[in-house]
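One structure, pasted below without further comment.
Remember, predicted model here, so these are calculated numbers, not experimental data. Labels below follow one simple rule: chain letters A, B, ... track the order of the sequence lines, proteins then strands, and each chain is numbered from 1. Atoms considered below: every heavy atom in the structure, side chains included; atoms not considered: hydrogens, waters and symmetry mates.
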Amino acid sequence: MSITTRFAPSPTGYLHIGGARTALFSWLLAKNKGGHFLLRVEDTDRERSTTEATDAIIEAMAWLDLAAEGTAVFQSQRFDLYNSYIDKLLASGHAYWCGCTPDEVEAMREKARAEGKKPKYDGRCRDLGQGPGAGRVVRFKGPQDGVTAFHDMVKGPTAVQNAEMDDMILRRSDGSPTYNLAVVVDDHEMGVTHVLRGDDHVANTPRQILLYQAFGWSVPEFGHVPMILGPDKAKLSKRHGALSVMEYKNMGYLPEALVNYLARLGWSHGDQEIFSREELVQLFGTGNLGNSPSVFDIKKLEWLNAHYIKEAAPERLAALLPDFIAAAGATDGLKLDPAYLASIVPLLQPRAKTLVEMADMARLFLVDAASLAYDEKAVTDQLKPESRALLTDLLPIYEAPADYADHKALEAATQAFLDERGLKFKAVAQPLRVALTGKTASPGLFETMCVLGKAESLARIKRALAL
RNA sequence: GUCCCCAUCGUCUAGCCUGGUCCAGGACGACGGCCUUUCACGCCGUUAACAGGGGUUCAAAUCCCCUUGGGGACGCCA
C-alpha cells in the first residue's frame, strides 16, 4: 500500500532549519516507501500569513530539492469545506455552540491555575443546546474520561488522559476554522497516511485523533520529531544566528550539504556520515530517528559543505560563483567568463569551506596584473633584493614556453634552474608566490600560473619587480 | 502551577528493545604529528561520555524505581 506524507507550514515567516528538517524527513519517508509527498499551506490565520512567506517557503524547498507533488493546498481557500464538516459534528452531537467570551474563558483558566489544576475551559456550555449567534464559537464535545492512545513512529506508545484536554474550539466567532479541525479535515481529504511533524505538536495529536474518531475516519500514523536546539540548548531561535534556509544558501552552503547535515541531525544509519540523496531515500526509516533534541552545530555543517564542494563539478560551482563574487564587491573589470571560472575552481575546491570563501579566494584570479592588490607586508618580507634578482633571472625560463598548459613542465623547468645554481626550492617559492598572487598563501604556484596564463603570469612578475 | 517528553565524549550519534562480544564505537571540533613551495587537502595519533542514587541479576550503558537536570504543551496561533 502506498503512503502519503505532507509538509504543512504556516506562512508566517521563512522556512527555518527545523521546518526544513521536518519537510526532509517527511519527503524521505514518502520516497522510501514509493509514496507521495504533498504540501499544504496552513494560512487560516489571515493576520499573520503572507504570500511572500509562502513563496519563500516554496523557494527554499525547491532549493533543497524537496518539491511536493501537484499544487499546494491552501487552507484559506477551504473554509466552506471546514464549515461543512463542523456542521456534521454539530449534527452528530460531537460539537456544540459556546457563547463564553474570551475574558470569561480566561477567568476559568485563572481559577484552575489558582487551584493548582491545568488551565482549561470548564465546559459550561456543553449541554446548553445553544444555537449559533454573534460571538459564539463551536467547541468539540470531547470525552471527559478514558485515555486516547496511539503509537508514535518515533516516540513509541503514547497515551493521554482525556480529562487533560478541554473542549477545543473548532470554529471561531468570525467563522474561521481552527488549526486542529482544519488539519484533520485536510489530512483526511488529502489522503495523508503518515504525519511526521515537530515535537511541539505532540499535545495536538490526541485531540486530532478524537476528531478522526468523531468523524469515523481512519487515523493516520503519527511521528513527532524532537526539536533542534541552539548551542545554549535552548530552542533554536534567531539569536543563535541564521534560521532561514535561504540564509545558508547566501552564506555559501550547498543544498546537498544542508540536506546531509539535517538528515544526520536526529537520524542515523550506523556510523555513516555522508549520504547521497539516493542513499537517504533508500535507508531512511522512522525507526532510526532519535527521540531526544539535538543541538545545531555549524562546524559540522561546514565540514560537510567542504566535502561537497570538493566533490562538485567545477562547472557547477563556477556557475554559482558570480553571485558570491558580486556580493563581495564591485565586479567592474573582473574576468568572469564561465570557462575561465571553471578553470580556477579546481584550485579552490580543497581550500574553501563555503562559496563565500571561494569567491574571496577567486578574486586574485579575476583582476589583471595592473590592478592586483599586493599585500604590503608580503612584499617587504618576500621581495628582498636577492629574491628580486632570482625572479629576474627566472623570467627567461618562464618566457620560453609557447603557452602554459602543463604545470609539471613549469615546475621541472624551475627545478632545473635551481639545481644549476645549487638552490633550494624554498628560495623562490614565497617570492614567486607573492609576485603572482600578492599574498603569502595561495594555491600551488604552477597550477596558478597555468590558470593565469603566460601573459598574465609574466605581467605580474614584472609588476612585482617594479614595486 | 498542571500534564507530557527527554538524558552516552564540548557537539552529532552507534550500542539500549532481544542484559555478557563495551575498561563504550564512529564523526565534527580541539590539540599534536606526518606530508609539503605557502595555505589548504589528505593521512596518523591524542583528548573526551554511559547525569546521580538505589534496586533486579552471576552480570546493567542496556531492565525497574527515585532524584536531579533539560525541554515541550497548556490560545477564538499554528
Under 3.5 Å, is there a donor-acceptor pair between the A/D419 and A/Q415 side chains? yes

Pick base, sugar-phosphate or nothing for A/C100, based on heavy-atom distances below 4.0 Å to the nucleic acid.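 Touches a base.
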
Salt bridge A/R172-A/E47, side-chain N to carboxylate O under 4.0 Å: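 Salt bridge between A/R172 and A/E47, a charged N being under 4.0 Å from a carboxylate O: no.
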
Which of residues 154-164 of chain A sit near RNA chain B, with a heavy atom under 4.0 Å from it?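 Within this stretch, A/K155, A/E164 sit under 4.0 Å of the strand.
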
Verify the contact: side-chain N or O of A/R109 to OP1 or OP2 of B/rG75, cut-off strictly under 4.0 Å; return yes or no.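 For A/R109, the contact criterion (side-chain N or O under 4.0 Å from OP1 or OP2 of B/rG75) is met.
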
Reckon A/H269 touches a base, only the sugar-phosphate, or nothing at all at heavy-atom distances under 4.0 Å?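 No contact at all - A/H269 keeps every heavy atom at 4.0 Å or more from the nucleic acid.
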
Reckon A/K424 touches a base, only the sugar-phosphate, or nothing at all at heavy-atom distances under 4.0 Å? nothing

Between B/rC74 (C1') and A/N180 (CG): distance, integer Å: 13 Å

Determine whether A/I461 and A/L465 satisfy the following criterion, side-chain contact (heavy atoms from CB on, under 4.5 Å), listing intermediate values before the conclusion. CA-CA 6 Å; A/I461 295 171; A/L465 288 172; 4.1 Å; yes

Please tell me whether A/R433 and A/T437 have a donor and an acceptor in their side chains that are separated by less than 3.5 angstrom. no

Nearest of B/rU2, B/rA14, B/rC12 to any side-chain atom of A/K118? B/rU2

Using heavy atoms to find the nearest nucleotide of RNA chain B for A/P119 and A/W267 separately, return the residue whose nucleotide is more 5′.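 Mapping each residue to its closest nucleotide by heavy atoms, the 5'-most match is A/P119.
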
Look at all strands and tell whether A/G175 reaches a base, only sugar-phosphate, or nothing, counting heavy atoms closer than 4.0 Å. nothing

Using side-chain hydrogen bond (donor to acceptor under 3.5 Å, both in side chains) as the criterion, point out the one residue from A/D152, A/T22, A/D199 that pairs with A/H224.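 When A/D152, A/T22, A/D199 are each tested with A/H224, the side-chain hydrogen bond (donor to acceptor under 3.5 Å, both in side chains) holds only for A/D152.
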
Need one value for A/S173: base, sugar-phosphate or nothing, where a base atom within 4.0 Å counts as base even if backbone is also close, heavy atoms only.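 The residue A/S173 makes base contact.
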
Rounded to the nearest 0.5 Å, what separation is found between the CE atom of A/M358 and the CD1 atom of A/I325? 10.0 Å

For B/rG20 and B/rU67, measure between their C1' atoms and round to the nearest Å. 29 Å

Determine whether A/L29 and A/N32 satisfy the following criterion, side-chain contact (heavy atoms from CB on, under 4.5 Å), listing intermediate values before the conclusion. CA-CA 5 Å; A/L29 179 61; A/N32 173 263; 5.5 Å; no

Check whether any side-chain nitrogen or oxygen of A/T44 sits under 4.0 Å from OP1 or OP2 of B/rA78, and answer yes or no.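 So the side-chain polar atoms of A/T44 do come within 4.0 Å of the phosphate oxygens OP1 or OP2 of B/rA78, strictly under.
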
Scan A/N204 against the nucleic acid and name what it touches under 4.0 Å (heavy atoms): base, sugar-phosphate only, or nothing. base

Does any nucleotide pair with B/rA60 by Watson-Crick or G-U wobble geometry, both distances under 3.5 Å, and what is it?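 Across all strands, not a single nucleotide pairs with B/rA60.
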
Could you check if a side-chain atom of A/F324 sits within less than 4.5 angstrom of a side-chain atom of A/L317, using non-hydrogen atoms only?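 In short, these two side chains do not touch, never coming nearer than 4.5 Å.
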
Applying a 4.0 Å non-hydrogen cut-off, can you work out what A/M168 is touching in the nucleic acid: base, sugar-phosphate, or nothing? nothing

Suppose we define a pair by two distances each less than 3.5 Å, Watson-Crick or G-U wobble; what does B/rC17 pair with here?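 Partner of B/rC17: none found under 3.5 Å.
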
I'd like to know if the side chain of A/R124 and the backbone of A/C100 have a donor-acceptor N/O pair within less than 3.5 Å. no

In the structure shown, which nucleotide is the Watson-Crick or G-U wobble counterpart of B/rC31, with both distances under 3.5 Å? B/rG45

What is the separation between atom CD on A/E302 and atom P on B/rC12, rounded to the nearest whole Å?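 From A/E302 CD to B/rC12 P: 17 Å.
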
Would you kindly check whether a donor in the side chain of A/E115 faces an acceptor in the base of B/rG1, or vice versa, at under 3.5 angstrom?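 Answer no: no donor N or O sits under 3.5 Å from an acceptor.
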
Quick one: A/K233 NZ to B/rC6 C1', roughly how many Å, whole number?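 Taking atom C1' of B/rC6 as the reference, NZ of A/K233 is at 11 Å.
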
Between A/D152 (CG) and B/rC6 (C1'), how many Å, whole number? 13 Å

We want to know whether A/D186 and A/Y82 form a side-chain donor-acceptor pair, criterion being a heavy-atom distance below 3.5 angstrom. yes

When the P atoms of B/rC34 and B/rA40 are compared, how many Å lie between them, rounded to an integer? 15 Å

Reckon A/I169 touches a base, only the sugar-phosphate, or nothing at all at heavy-atom distances under 4.0 Å?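 Base contact.
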
Could you tell me how far apart A/E47 (CD) and B/rC77 (P) are, to the nearest whole angstrom? 9 Å

Expected string for nucleotides 28-50 of chain B under the B/S/- scheme (protein heavy atoms, under 4.0 Å, primed atoms plus P, OP1, OP2 as sugar-phosphate) is S--------BBBBS---------

Rounding to the closest angstrom, what is the interatomic distance between B/rU47 and B/rC39 at atom P? 27 Å

Is the shortest side-chain N to carboxylate O distance from A/K118 to A/D166 below 4.0 Å?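 A/D166 and A/K118: not salt-bridged.
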
Calculate, to the nearest 0.5 Å, the distance between atoms CD and NE2 belonging to A/E221 and A/H194 respectively. 5.5 Å

For B/rA7, give its Watson-Crick or G-U wobble partner with both distances under 3.5 Å, or none. B/rU68

Using the C1' atom in both, what is the distance from B/rU8 to B/rG1, to the nearest Å?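 B/rU8 and B/rG1 have their C1' atoms separated by 33 Å.
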
Closest to the A/S10 side chain: B/rA78, B/rA7, B/rU13? B/rA78

If only side-chain N and O atoms count, and only distance matters, is there a donor-acceptor pair under 3.5 Å linking A/Y398 with A/T414? yes

Using Watson-Crick or G-U wobble geometry with both distances under 3.5 Å, which nucleotide pairs with B/rG75? none

Quick one: look up who B/rC23 pairs with, Watson-Crick or G-U, both distances under 3.5 Å, and put none if it's unpaired.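 Base partner found: none.
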
Under 6.0 Å between ring centres, would you say that holds for A/F296 and A/Y261?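 Yes.
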
Flag the pair A/F7 / A/W27 as yes when their ring centroid distance falls below 6.0 Å, and as no otherwise. no

Of the listed nucleotides (B/rC76, B/rC6, B/rC77), which one gets closest to any side-chain atom of A/R48?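 Comparing B/rC76, B/rC6, B/rC77 against the side chain of A/R48, the answer is B/rC77.
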
Using the C1' atom on both, measure B/rG52 against B/rG32 and round to a whole Å.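 Straight-line distance between the two C1' atoms is 35 Å.
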
Can you check the distance between B/rC28 and B/rC65, where both ends of the measurement are the C1' atom (answer in whole Å)?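 Pairwise C1' distance, B/rC28 against B/rC65, rounds to 37 Å.
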
Using the P atom in both, what is the distance from B/rU36 to B/rG29, to the nearest Å?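 Taking atom P in both B/rU36 and B/rG29, they lie 24 Å apart.
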
Where do N or O atoms of nucleotides 15-17 of chain B meet protein N or O atoms at under 3.5 Å, pair by pair?
none

NA contact type, A/V295, heavy-atom cut-off 4.0 Å: base, sugar-phosphate, or nothing?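 Sugar-phosphate only.
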
If I take atom OH in residue A/Y179 and atom C1' in nucleotide B/rA78, what distance separates them, rounded to the nearest angstrom?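 Taking OH of A/Y179 and C1' of B/rA78, I get 6 Å after rounding.
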
Using the C1' atom in both, what is the distance from B/rU13 to B/rC6, to the nearest Å? 16 Å

Output the rounded distance in Å from CG (A/D199) to P (B/rG70).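 After rounding, the reported distance stands at 18 Å.
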
The side chain of A/M227 is closest to which nucleotide in this list: B/rC76, B/rG71, B/rC12?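 Ranking B/rC76, B/rG71, B/rC12 by closest atom to the A/M227 side chain puts B/rG71 first.
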
Cation-aromatic face contact A/R207/A/F140, 6.0 Å, 45 degrees: no

Any A/R172 side-chain N or O less than 4.0 Å from OP1/OP2 of B/rA78: yes

Nearest-Å distance, CD (A/E104) to C1' (B/rC76)?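 Roughly 13 Å, once rounded to whole Å.
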
